[in-house]
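Residues take their numbers from the sequence shown, with the count starting at 1.
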Amino acid sequence: MRNGIFTASAMALLLAGCGPKQLALPGDPIDKAATCAVVSAASARAGAPNVKGDLGFDAQTRILHYAMLAASEGGPFSAKKASEVVGRMGEVEKAVTDGKWQALMAPCDQAYPEVKKTAGIELPKGKFDAEIGCYSLGDFLVKTVTTSDPKAQEQLAALMKMRRDLDGSVGSQLKARGAAGYERTLELKQGALGRMTKLGAPAETARICKNRFA
C-alpha cells in the first residue's frame, strides 16, 4: 500500500512537470512588450472563441499598443523599436502560449497601465498639439492595422477621413513653425505620436479624435 501511494505521488509530480510552464515577464523592454502583446492576443482569442478571422479594431489596437508604448519610452516615438517588438512577437509566441500565459495578464496590466485606460482620456489642450497628435495617431493606425473585419475597416476608413481633413491645417501649422523639411516634420509628428500613445487605449483615443475632428 505504501509503495502504491509513493508511486501515485511520483506520477502526479511527473504529470505536473509536463504541463504548461510558469512564465515571467522578461526584463528587456522589447521582449517584455512583445510578451505582453502575445498575452493580449491570446486573451482576445480566448474571449472570442467564435471569431475565426481577424480580431476587432479594439483588440488589434490593444495588442499593438504594447509595441507603441515600447517605441515611446524615453523620448519621441521610434518606428524602429515598434517594428522590433512586432518582430519579437512571432519569435516568443509559441513559448508564451504553450506556457501559463494567463498568469502574465496581471503583471502586464501593472507594467503597461495605459493599455487598459479607456476613461479620463484628454487630448492635448493646444489646438495644434491636438491636431498633430490625432493626425499622427490616425496615420500610424491606418498604416499598421491590417484587417478584413468589416467593423474594423469602418473605423480605419473614418481615421483616413480624419487624416485628410486635418492634412491642410497640420501642414500649414508645421510650415508656420519652420518645419518645411521632411526630417523636422517627422520629428514633430513622432513626438506627437509618443505623447498620444501614453494617453490611454489607442482605440478610445482615436474615437475622441474622430469626434472632435472628423
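- K198 NZ: more than 12 foreign heavy atoms inside a 6.0 Å radius.
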Residues 137-146 side chain polar contacts: donor-acceptor under 3.5 Å, at least two apart:
from : atom 1 : to   : atom 2 : distance (Å)
D139 : OD1    : R163 : NH1    : 2.8
D139 : OD2    : K143 : NZ     : 3.2
T144 : OG1    : F140 : O      : 2.6

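- Atom CD of residue Q173 and atom CG of residue L188 lie 11.5 Å apart, to the nearest 0.5 angstrom.
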For this session: Evaluate the criterion salt bridge (charged side-chain N to carboxylate O under 4.0 Å, His left out) for residue pair E114 and K117; output intermediate values, then yes/no.
Result: CA-CA 5 Å; E114 301 92 341; K117 183 181 178 183; over 6 Å; no

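- A salt bridge does not link K94 with E91: none of the charged nitrogens is closer than 4.0 Å to a carboxylate oxygen.
- Residues passing the ring pair (Phe, Tyr, Trp, His ring centres under 6.0 Å) test with Y112, sequence neighbours excluded: Y66.
- Residue pairs that meet the ring pair (Phe, Tyr, Trp, His ring centres under 6.0 Å) test with at least one member in residues 152-200, sequence neighbours left out, do not exist here.
- Other residues, nucleotides and ligands place no more than 12 heavy atoms under 6.0 Å from the CD atom of E73.
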For this session: Carefully, step by step, assess D28 and K32 under the rule salt bridge (charged side-chain N to carboxylate O under 4.0 Å, His left out).
Result: CA-CA 6 Å; D28 178 78; K32 181 168 66 174; over 6 Å; no

Which pairs would a plain distance check flag for residues 75-86, meaning a side-chain donor or acceptor within less than 3.5 Å of a matching protein atom at least two apart in sequence or in another chain?
from : atom 1 : to  : atom 2 : distance (Å)
S78  : OG     : K81 : N      : 3.2
K80  : NZ     : E84 : OE2    : 2.6
S83  : OG     : A79 : O      : 3.1

Below 3.5 Å, can you tabulate the donor-acceptor pairs from side chains in residues 53-63 to any protein atom, sequence neighbours excluded?
from : atom 1 : to   : atom 2 : distance (Å)
D54  : OD2    : S148 : N      : 2.7
D54  : OD2    : S148 : OG     : 3.0
D58  : OD1    : R207 : NH2    : 2.4
D58  : OD2    : R207 : NH2    : 3.0
Q60  : NE2    : L55  : O      : 3.0
Q60  : NE2    : T147 : OG1    : 3.4
T61  : OG1    : F57  : O      : 2.9
T61  : OG1    : D58  : O      : 3.1

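- At distances below 3.5 Å, not a single donor-acceptor pair connects side-chain atoms of S43 with backbone N or O atoms of V39.
- Two different hydrophobic clusters hold V96 and L64 under the rule that ILVMFWY side chains link at heavy-atom gaps under 4.5 Å.
- Under 3.5 Å, the side chains of E131 and S169 contain a donor-acceptor pair of N or O atoms.
- Pairs passing the disulfide bond (SG atoms under 2.5 Å apart) check and including a residue from residues 136-185, sequence neighbours excluded, do not occur.
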